[in-house]
Amino acid sequence: MTDYDAIVVGAGHNGLICAAYLAKAQHKVLVVDGRSVPGGCASTREFADGFSVSDCAQWLSQLDRNVMSDLKLADMGLSLSDAKATISLQADADHLILADGTASGAGVDDEDLAAYRGFRHMMTRFANVLKTLYQGRPPKLVEKNWTDRLTLLKLGLGLKMLGKNHMQDLMRLALINIYDVMNEHFKHPALKSAIAMDAVTGTNMGPRSPNTVYSYLHRITGEHLSGTGTTQVMGGMGVLGDALAESAKAAGAEIKLGVAVKSIEKTGDKVSGVELEDGSHITSKIVISSADPTTTFKTLLGYHQMEAGMAKRAELYRNRSGTAKIHLALRALPSFTGLTTKQLSQRLIIVPPMDEMEKALNPIKYREISDRHLFDISVPTIEDSSLAPEGQHVLTALVHYVPFDPKEGWDEARGPLLERLIGELEVYAPGLSSLLIASELVTPSDFEHSHKVTGGNWHHGELSIDQALMMRPFPGSTQYATAVDGLFLCGAGAHPGGGLLGLPGRNAAREIIKRGALA
Amino acid sequence: MNQYDAIVIGAGHNGLTNGAYLAKAGLKVAVLERNPYIGGATVSRELHKGWYYSNCSYVSSLLRPEITRDLELPRHGLQVVPFGGGATFMRNGDHFGNYADHDRHYREIARHSKRDANAYDRYSADTSLQTKLIRPYLMRTPPDPTSLKPRDLRDLLEFAQSFMALGEEKLLDTIKFWTASVGDYLNEYFETDVIKAHMAGSGIIGTALGVYSPGTAYVLLHHYMGDVDGNVGAWGFARGGMGAIAEALSKAFMSFGGEIICDANVDKIIVKNGKAVGVALKDGTEYRAPIVVSNLDPKRTFLDITDPKDLPTDVVRKAENFKIRGSSGKLNIALDGLPVFNGLDPRNRLMAGDLHFSDSLERQERAYDDWKAGTWSKDPYLDMMIPSLTDPTMAPPGKHMMSVFVQYAPPKVEGKDWTDEDKDGFEKSVIDQISNYSPNFRDLILHCETRTPREIEAEVGLTEGNIFMGELTFDQLLFNRPFPGYAQYRSPIKGMYMCSSGTHPGGGVMAAPGANAAREILRDLKRPNTVPGGYADD
């Protein structure tokens, strides 16, 4: 007799979602996480006295709508802002605004505008095809079973429904880079780079890297599945973590925080439970890891517990990120040239033309600091005063590209980089530094420590095609079951992968129930 | 009267092959060539007295053995001499040798890393599996996945079945391989910089991508899937230079009654009532034929010599978006004697192989960064050979001819056309690179021919000087080459066909596109097929 039917390692959003679905199906589930708060990368942290911030993920745009309604997240306290526009800041203050499927400002002409609408339309149609794949387990191609055949059939039908031209486009675009696609569709440099930015967020890729169209499609598919648009979670991302934890608990799952899983244990050939940092052992029929594949296989299970070929695949799994974050506590609302307060509350991006983006990527390949950066900025306190003292504000920004481990070490590089980044922002927000009460730079290696994401990659692995779909995380450990008996995956390192989709967690729970692994 | 059954535009190796198979089927065929000599990029030219330069392509492996046998190219004078070995010289004065002998090679890898030596056989087996998968499809017309014609469905099914036969995991590994970067692929096996760098070169040659760009593992495969006399993956020199291949093909073509017309610069393909009826030259001469085959790259074919009003708009757009990027250059050098390289005995057989100077993936990736920024690489990757060590007919006795392939060179220098000063700067960067490793090299130079993308485009007519007539990325391979919907050698104009390296299976001196196109033309003419089928490896 085991203590639990299933133990879920990690109380990140996917772990909690998986646990909630299993508990709803009357299984006895325990979620364990070393952090003292639930949510994983969906968390809020007080980074300076009285100032709180969503300290990892900063926007919610991809959470699957079925997950939201199945788990009754609105009843559990989740409340979202209206969809945000994306405003690409220009040096001359004539900013480019992307909202409601159209573009304005920055002198975008009618031809580009029409092209933008056409491009959005095409991408939505592609997302509609990918949706079929995202909502279920990724099909096996050779092994014959009706579930996977049906998925492949639906996929084939979806492709046919695109019509010959769009089908040909998709076949051609799926593996290429966003750089070429932008140049094929648009003339306006700022429009190109604003879209290209969405293809490289959280990765180690530049616009010229092949596969970036796939990572863009991944993002669009997620947005298609959620239907919310880019939103801000009121109260910070931690509220999402709390809501998911509440929902899981309401369904009957237990959640144990503050004590991490030390190792996944095997009895004979089968996983039989976990050992916690405090030395206690808990047994279960299966263990489901929402940790990234490297943490799961290398740290928690240990390569010695695996067949050598599988261990090699796990070791070669790529998960480096070139994205950092800055958090600024400000004594007053900053002023960005050419933006109203309402506009300031939207999603602001600073991104140079694509060739410059590519140049910004080069240094991090050699563990060097870049001399210009891309920003994805939020001033959450305009809509949500709970995050800062009265009248004061928080500015947070995702920053690309920052090396994981610069040659000189972060002790030496941290201060000058933070200063440089604030300086780069100040070009668009004069006087910003005079408002500073506190500031911090969270590097990719900081994310690795604070959120236990290997490589600082919150997608749990590079979003390139050879690590996606039926190959995520690697051959032999797909469909949420791994090569190790009794060990399952439910994190973003499993299909359909990165971002805050919630689908790996939901799909994993369904697959585990379907397989009768808990019977 | 200039009336033929078929006209082929361009006497490169694919044009000649295409012409040969059409003529063999009994058609009256003319191959038109703009230059006063034939061969396109498959030429040997005496540009310095007594020295013969293979001044574009320089080594042979991909040429399909079915074609070599079927057209009896050896009888027409073709002799390919295999060469073994090669080396990468290192900044620390050491080198990594690539020995033909397996045991010697194992010991050489082990000298750098015992672990890598043990990984080498696994690497060879895995890579050879991929070559065996692709080789049977080189002499086939790619099926159209959007079509419901019985032939396409049957071919697709066969293609799918041959991949399914691998089993789930190997199949996924194969997909991974086809989409991975050469850097990541090599990292799966090796840990030593110089060993990875030595092998990674084949993943970037002729390609506007870096060693860490996904898709370059396929380019590596493209360099491994040929053979010399059945020795898969081997490379050789055509005796007398690469022109010998074009010579042999032209003799085969003429033996079937074909006609080659040089100095015939095609201006336009003449289209009447939606059908190709012939071509007009720049000098006004017209040649008539119901079949017109373009051996020019897809951009030139559809944007230069075809009137856009004869084409559907989507084809014009597809041709404009076709990726054909200048990324390489070449130096052909006449030498007064044999250069000496640091740390290598000049009598060592490695000298007769391909020699390199980039000893780490980082140096290769930085060379690509320069290209992205619109300049030639300051620390270029070189694929250097001294063919006169293998084929003494290339240079006078005691003298040598050196061929230096250079990656990367941009199609334009920081957005502007190449100038003569740029060309000098490019040449200097290459000669400096070699001189860093060879103290006597500079003094031995008698004549140097430097070719940037500008020269290659102007002389051979390869757009942007792209040696493969279009990037070898997955969006432009198989049923996507040159563009989706037009991968079966037919153009949208009735009677007009494509046979260049811009069609499946792509670049390199392979001759398969020319042969495959001939098969489709004969099929449309309802004539018996003269083109040999592909054969399977063991």
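Every chain is numbered from 1, with letters handed out A, B, ... down the list of sequences. As the structure is a prediction and not an experimental result, all values here were calculated from the model.
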Novice: With chain B as the partner, which of A:Met470, A:Gln467, A:Lys140 has the greatest number of non-hydrogen pairs under 4.5 Å?
Specialist: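 Looking at each of A:Met470, A:Gln467, A:Lys140 in turn, A:Lys140 comes out on top.
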Novice: Check each atom of B:Leu148 against the heavy atoms of chain A and say whether the ones under 4.5 Å are side chain, backbone, both or neither.
Specialist: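 B:Leu148 touches chain A through side-chain heavy atoms alone.
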Novice: Return the orientation label for the B:Tyr185 and B:Tyr123 ring planes: parallel under 30°, perpendicular over 60°, tilted otherwise.
Specialist: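 Geometry flag for B:Tyr123 against B:Tyr185: tilted rings.
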Novice: Go through the atoms of A:Lys365 and report whether side chain, backbone, both or neither lie under 4.5 Å from a heavy atom of chain B.
Specialist: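 Looking at A:Lys365, just its side chain touches chain B.
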Novice: Would you indicate whether A:Lys298, at its atom NZ, is surrounded by more than 12 heavy atoms from other residues, nucleotides or ligands within a distance under 6.0 Å?
Specialist: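 No, the 6.0 Å shell around NZ holds no more than 12 heavy atoms from other groups.
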Novice: Counting only heavy atoms closer than 4.5 Å, note whether A:Leu141 contacts chain B via side chain, backbone, both or neither.
Specialist: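 Both backbone and side chain of A:Leu141 come within 4.5 Å of chain B.
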Novice: Checking heavy atoms, do the side chain of B:Lys170, its backbone, both or neither come under 4.5 Å from chain A?
Specialist: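 Neither the backbone nor the side chain of B:Lys170 comes within 4.5 Å of chain A.
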Novice: For the CG atom of B:Leu221 and the CD atom of B:Gln130, what is their distance to the nearest 0.5 Å?
Specialist: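 Answer for the CG-CD pair, B:Leu221 versus B:Gln130, is 6.5 Å.
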Novice: Of the listed residues (A:Ile465, A:Ile176, A:Leu159, A:Leu173), which shares the most heavy-atom pairs with chain B below a 4.5 Å separation?
Specialist: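 Most pairs with chain B among the choices: A:Ile176.
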Novice: For the OH atom of B:Tyr408 and the OH atom of B:Tyr368, what is their distance to the nearest 0.5 Å?
Specialist: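 With rounding to 0.5 Å, OH (B:Tyr408) is 7.0 Å from OH (B:Tyr368).
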Novice: Could you tell me which of B:Gln476, B:Arg325, B:Glu320 has the largest number of non-hydrogen atom pairs under 4.5 Å with chain A?
Specialist: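 Most heavy-atom pairs within the cutoff with chain A belong to B:Arg325.
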Novice: Can the ring centres of B:Phe177 and B:Tyr218 be said to be less than 6.0 Å apart?
Specialist: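 Centroid distance B:Phe177-B:Tyr218: not below 6.0 Å, so no.
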Novice: Taking the cut-offs as 6.0 angstrom to the six-membered ring centre and 45 degrees off its axis, would you call A:Arg367 and A:Phe404 a cation-pi pair?
Specialist: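 No; the conditions do not both hold, so A:Arg367 does not lie above the ring face of A:Phe404.
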Novice: Could you tell me whether the side chain of B:Glu414 and the main chain of B:Gly374 form a donor-acceptor pair under 3.5 Å?
Specialist: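 A pair under 3.5 Å: no.
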Novice: Counting only heavy atoms closer than 4.5 Å, note whether B:Asn480 contacts chain A via side chain, backbone, both or neither.
Specialist: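 The side chain, not the backbone.
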Novice: Between B:Thr179, B:Asp369, B:Asp314, which residue shows the highest count of heavy-atom pairs closer than 4.5 Å to chain A?
Specialist: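 Most heavy-atom pairs within the cutoff with chain A belong to B:Asp369.
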Novice: Name the region of A:Asn177, side chain, backbone, both or neither, that has any atom closer than 4.5 Å to a heavy atom of chain B.
Specialist: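 The answer is neither part of A:Asn177.
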Novice: Which one wins on heavy-atom pair count under 4.5 Å against chain B: A:Thr478, A:Asn211, A:Leu316?
Specialist: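 It is A:Leu316.
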Novice: Would you mind telling me which of A:Glu315, A:Met171, A:Glu143 has the largest number of heavy-atom pairs within less than 4.5 Å of chain B?
Specialist: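 Answer, by heavy-atom pair count under 4.5 Å with chain B: A:Met171.
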Novice: Would you call the rings of B:Tyr486 and B:Phe483 parallel, tilted or perpendicular, taking 30° and 60° as the class edges?
Specialist: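 The arrangement is perpendicular - the two ring planes meet at more than 60°.
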Novice: Taking every heavy-atom pair that is under 4.5 Å apart, which of B:Leu209, B:Ile175, B:Asn187, B:Asp184 has the most such pairs with chain A?
Specialist: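 Counting heavy-atom pairs under 4.5 Å, the top option is B:Asp184.
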Novice: Check whether any side-chain heavy atom of A:Ser477 sits under 4.5 Å from a side-chain heavy atom of A:Val484, and report yes or no.
Specialist: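 A side-chain contact is absent here, since even the closest heavy-atom pair is not under 4.5 Å.
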